[in-house]
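First up is the structure itself, then whatever we jot down about it.
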Amino acid sequence: MQIKLSEAIKTCNATLIYNHAYDTLSFDGAASDNRLVKENNLFVCIKGENNDGHNFAENAVKRGASVILAERNPFGDNPPVPVLLVENSIKALGLLACAARKRFGEDKSKKVIGITGTAGKTSVKELVAHILSIEDDLSFNEQNVAKNLLNYNTQIGMPVSMLNATGNEKYWVFELGISHAQDMDELGRILWPDMAIILNAASGHTEGLGDMGVAYYKAQLVNFLPEKGVAFVSGDYPDLWVHARFNKEDTKFFSTSSKKIPYQGRYLGVTEDGFGRYSIKTPTEFFEVESIYVGEYGAENCIAAASLALELGFSAEQIQKAMKTVQAPQMRFNKHSFGAWTVIDDTYNANPLSTARMIESAHEIASNQDFILMLGKMGELGELEEQEHMELGEIIAQNNPLAVYFKGDTAKALEKGLMKQNYTGMFKPVANTEEFLEGIKALPFKHEKHLIVFKGSRSNHLEEYVKAFMEQNNAL
């Protein structure tokens, strides 16, 4: 979105450092990573734990940045482009994104959708965005929708994504990720959605959300809806039900298990071509859809996205077409097949709910195949870390994979859970890709076909394991 420099100065109460006229200057879009800067972008200098964005301002200008937002002047007395000095770059970025949101909302026919949850919010964001991009003739126009890149859903990533929207879209679809108690308040005050989805609430980022519980903080999203704003919230999580209902009495609930809740999604099994089949039931519609998501958890994704799309006036036919053609986001249930192998790359992140769902779904797909797991430690669980890994071990054992490889210092807790359920397969902690690949070579395969799942928190860098595995098998 194009923003005049004079407007930006006023919006974030910045001090301008620039020795030239600026009345006609503006910037278009933003980046906080100098490697992602595009022509005429605002570059936001943020000091992190490992890197200081101020040190990359010069590189950003070389790549095309036309304005710098910073907490200190990275250039000296005569900067090559305007520098907006502020006390806090992240807060100033949020103010700019909020101003862009207000401008977008001047056309009341346009809608902003906010999506949160412990697991699956990126997938649902992609699904909703794909549905909302469909035209009446069942073609797709991606320019109708703006969304977060990947899961850029923090106080940095979401505002950057908002500023990179053109403002000409019909819909903005943004996910909100929270790790600390204040996060939803900060993100909600930037996005101010017209509609919301709260997909689920379970253990995830509990290290920072332990005081009131995950459901409490997720449910705060509905507080930022307008009076007539519509919220679709899962009714399958009792705490989430209570908190969402308390915050907004007219919340609409969906379920994958209860027959009493009016919006219902049910998993019906796998089709011959590998799609998950689901039924969608609302107060006005009843139809089936097929999706790349396979397993019970996919019903949650489908009913949440379908309910919102129906509320916006999309037809069952449009929803069916979109659900069958949506693509999985990068490192999220990316499925590759080559030779005897099927590989599921779900390495972007992990928490207890998303990991359990992935294992159960993959186990179903792996019918008549050797089932293998390469998992990484689930992070940010605080005091629940050992308990959650032990419970994950129990879930793994119940799905009976041929082998489990694990990276991380919670391997003993996971093994306890495996043994508690009398797991008879192989369990092997690994510290690097070499140990993992040697373990794969030694496996006593029982079937002609094999399925392997890679899943873990970002700190494990399991994408390196996927790459090494694919290279070993000449699949790249």
Within 6.0 angstrom of E288 CD, more than 12 heavy atoms from elsewhere
yes
With sequence neighbours excluded, what pairs up with [X] under the ring pair (Phe, Tyr, Trp, His ring centres under 6.0 Å) test?
{"X": "F104", "result": "W172"}
{"X": "F232", "result": "Y263"}
{"X": "Y237", "result": "none"}
{"X": "H363", "result": "F371"}

Qualifying ring pair (Phe, Tyr, Trp, His ring centres under 6.0 Å) pairs, either residue in residues 110-141, two or more places apart
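For residues 110-141: H130-F140.
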What pairs with [X] under side-chain hydrogen bond (donor to acceptor under 3.5 Å, both in side chains), at least two apart in sequence or on another chain?
{"X": "Q320", "value": "none"}
{"X": "K248", "value": "D250"}
{"X": "D185", "value": "none"}
{"X": "N153", "value": "E175"}

Taking side chain to side chain contact (heavy atoms under 4.5 Å, CB included) as the definition, give me every residue that meets it alongside S457, ordered by chain and number, with sequence neighbours left out.
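Scan of S457 (side chain to side chain contact (heavy atoms under 4.5 Å, CB included), adjacent residues dropped) gives N349, A350, M378, S459, N460.
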Sequence neighbours left out, what passes salt bridge (charged side-chain N to carboxylate O under 4.0 Å, His left out) with K91? Give chain and number order.
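In terms of salt bridge (charged side-chain N to carboxylate O under 4.0 Å, His left out), with neighbours along the sequence ignored, K91 is linked to no residue.
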Residues two or more places apart in sequence or in another chain: which of them pass salt bridge (charged side-chain N to carboxylate O under 4.0 Å, His left out) with E290?
K324
